[in-house]
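Proteins come first, then strands; the chains are lettered A, B, ... in the order of their sequence lines, and each starts at number 1.
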2 protein chains.
Amino acid sequence: MASIKDVAAAAGVSVATVSRVLNDHPSVSADARTRVRAAVEALGYRPNAVARSLRTHETRTLGLVISDVLNPYFAHLARSVEEEARALGYSVIIGNADERPDLQDHHVRTLLDRRIDGLLVSPTDGGSPLMLDAARAGTPMVFVDRWIAGVDVPVVRADGRAAVHDLVAHLYALGHRRLAIIAGPAATTTGSERVEAFRVAMGEYGLPLPDAYIGQGDFQAESGRRATERFLDLAEPPEVVFAADNLMALGALDAIRARGLRIPDDIALAAFDDIPWFVHTDPPITAIAQPTAELGRAAVHALVDRVEGRPPESVTLPARLVVRRSCGEPPVAQAPTAQPSPLQRSKS
Amino acid sequence: MASIKDVAAAAGVSVATVSRVLNDHPSVSADARTRVRAAVEALGYRPNAVARSLRTHETRTLGLVISDVLNPYFAHLARSVEEEARALGYSVIIGNADERPDLQDHHVRTLLDRRIDGLLVSPTDGGSPLMLDAARAGTPMVFVDRWIAGVDVPVVRADGRAAVHDLVAHLYALGHRRLAIIAGPAATTTGSERVEAFRVAMGEYGLPLPDAYIGQGDFQAESGRRATERFLDLAEPPEVVFAADNLMALGALDAIRARGLRIPDDIALAAFDDIPWFVHTDPPITAIAQPTAELGRAAVHALVDRVEGRPPESVTLPARLVVRRSCGEPPVAQAPTAQPSPLQRSKS
DNA sequence: GCAGGCCGTGGAATCGATTACACGGCCGAC
DNA sequence: GTCGGCCGTGTAATCGATTCCACGGCCTGC
């Protein structure tokens, strides 16, 4: 592969001049400029980003460590992050932690070794020493979706409390009193916050949240299935299961279906995170929708601000309740038209 | 951030010795070795992958350019690719082409500039000059899922012909005669092959495939919706719609639902690519499942073989039909237990 | 006792870019 | 006419690693 030296030789100039042309430096004669451009064209030359990064100490690359690419929410987030980063002239390297702290550390380490300019993380756990050290050492970093308390890192996330409150109100209005939740891992903020918001909202309606109605999940489908089976085995099973993410809701569906129960007649189901498929499940699932694309964009902006020396800003956006039919009769005022799926809306 | 020089100074040895310790070179005294390791620990030193790559001309990184991360099939593929690559000591950088040739080129260019060791591509179009040049110039490359004819690049893919034949047989047995297909872009192999397999299979049953029953889609949900609406507007609409990927099936569902039609009574639906959600749609959707994880693994192996100087092998794996209820009454022999969703099966 | 080889080590070249600095030529100002 | 400054250009240092080569010391074999 041709190097800058080959281009210099072909154009009859020094490598310095070639470099100047490549970087649009003003003090190059028009003549030299055209000769260099011609040589670049003729040789099919492309600058070596590795060499450039070594010299300039910047890679124009951001790292994104997410918990699970198979989760449509994170896939959507990753896509929006890449899009926005590209618009700002950055590339993105995605690390999939698969909800495993060791894998998360692996990716963080690899990304740091590559000297990415900044790191976007949705932490799987309470924060490994590696990540905390990196943050303290001054690696530009922004938390997205989930975060770690006590670290001076901006956070971009959705606040679901109002939406969870709306959900409980909706369930209460439909006559449900025994509500259960499948929580995410307590080590993640989203894992504990959603339970907390749920508990608070239920408290406002005077409803108890017994321990037996709190299932422990790990944001994966299988855990949603197990937690739901446990609920259904109780002497007094809940009337509603609220899954703290969409994959656990999928597992809950599996479990409910395996018992031959009907939704919402035998048991109601709701989920955190809205995805296109929820429109077409049997029945369509009531969910709390996050402004996923906006979160991705805001996170990139915060990180790039930090990377380029501007003060970064934490951002919190509201989530909102999307009522469908999985919790009972739809509200009387519902429009007769089909509700478009969130995926398609986001494309318009 | 500490460099190898700092480590050398701290350990009282030369950089050459530090490098030897780091790379487990045998001829270093035990004493020097421990001093270097101590210095590495004390300084929290991590080798700079950028500098290393510049010197060694290898990045231990593979590029993966896929058409759409939001498509669960590709997300699954990406995950399996990353997993296998990690096991072999490689990182993966994913580029999401979003079915746009210009974006695909952008990612290929960026990846080549970064001097990745090899490239895994699922081409969006018939092959841009950029990609063809790269292949000819000797960049280690493997096509996965889709490919481009006339280029000497190994291909790892699924053969859906037998499964499509099984699908047509299934539909025929259920009494359906007017079958329509929503095709992918003709420029992609999967776009044209699936139509071709469908046409051949129908021919074997003496069924015609009029042009009006071939909808043109682009593997995105919105195009599936439009194609389906056009089918439903025909004087004689088809009895079955077969979507060539899962997102177009989602769009088809949207369209069918918007008209208030019932599946499978009013119209039947089947899809290429099986995903977990198809188990829980209303009704569960009959689909052709690809061995996605195996494809990812095989693709990585082929590419790494090529990168490391071994002869790479093309691989073709069979897809298979998964019958559910979206095309009509389930076969009498169906087991009463719920069918597990493919996502969960893949985790076991 | 001496030659040859091995072992551990350091010096220095190298990868491919960027950029500070120096230098020659030419211009305009005085 | 001379001098200062600017413009275009090239030389060389530099980024942080790897690795070839040379060198000194010691062991072994004859």
Practice task
Look at A:Ser14 and D:dT9 and indicate whether a side-chain polar atom (N or O) is within less than 4.0 Å of OP1 or OP2.
Solution key: no
Exercise for the section: Run the numbers on B:Arg86 and B:Glu82 for salt bridge (Lys or Arg N to Asp or Glu O under 4.0 Å), then give the verdict. Expected result: CA-CA 6 Å; B:Arg86 178 155 33 82; B:Glu82 195 275 336; 2.9 Å; yes
Exercise for the section: Figure out the CZ/C1' separation between B:Arg33 and C:dT9, and round it to whole Å. Expected result: 13 Å
Exercise for the section: Check the distance between D:dA12's P and A:Lys5's NZ and give it to me in whole angstrom. Expected result: 13 Å
Exercise for the section: Would you sort out whether A:Glu99 and A:Arg146 count as a salt bridge (Lys or Arg N to Asp or Glu O under 4.0 Å), showing the intermediate values? Expected result: CA-CA 12 Å; A:Glu99 303 287 359; A:Arg146 310 177 182 175; 2.9 Å; yes
Practice task
Using a 4.0 Å heavy-atom cut-off across all strands, classify B:Ser29 as base, sugar-phosphate, or nothing.
Solution key: sugar-phosphate
Problem - Protein-nucleotide distance (B:Met1, atom CE; D:dA17, atom P), rounded to Å - result: 11 Å
Problem - Whole-Å distance separating the NE2 atom of B:His25 from the P atom of D:dT18 - result: 12 Å
Exercise for the section: Give a yes or no on this: more than 12 heavy atoms of other residues, nucleotides or ligands lie within 6.0 Å of atom CD of B:Glu313. Expected result: no
Practice task
Round to the nearest Å and state the distance from B:Asp6 atom CG to D:dA17 atom C1'.
Solution key: 13 Å
Handout entry: Base of D:dG10 paired with side chain of A:Arg20 (donor-acceptor, under 3.5 Å)
Key = yes
Practice task
Would you kindly give the CG-to-P distance between B:Asp31 and C:dG10, to the nearest whole Å?
Solution key: 11 Å
Handout entry: A:Asp152 atom CG: more than 12 heavy-atom contacts under 6.0 Å
Key = no
Problem - Stretch residues 47-59 of chain B: residues that reach within less than 4.0 Å of DNA chain C through a heavy atom - result: B:Leu54, B:Arg55, B:His57
Exercise for the section: Note the angle between the end axes of the helix from C:dG1-D:dC30 to C:dC30-D:dG1, five pairs defining each, rounded to 10 degrees. Expected result: 50°
Problem - Sugar-phosphate, base or nothing in reach of A:Thr17, heavy atoms under 4.0 Å - result: sugar-phosphate
Handout entry: Integer-rounded Å distance: C:dG10 C1' and B:Arg35 CZ
Key = 13 Å
Exercise for the section: Scan A:Ser3 against the nucleic acid and name what it touches under 4.0 Å (heavy atoms): base, sugar-phosphate only, or nothing. Expected result: sugar-phosphate
Problem - Rounded distance in Å - CD1 (B:Ile4) to C1' (C:dT14) - result: 14 Å
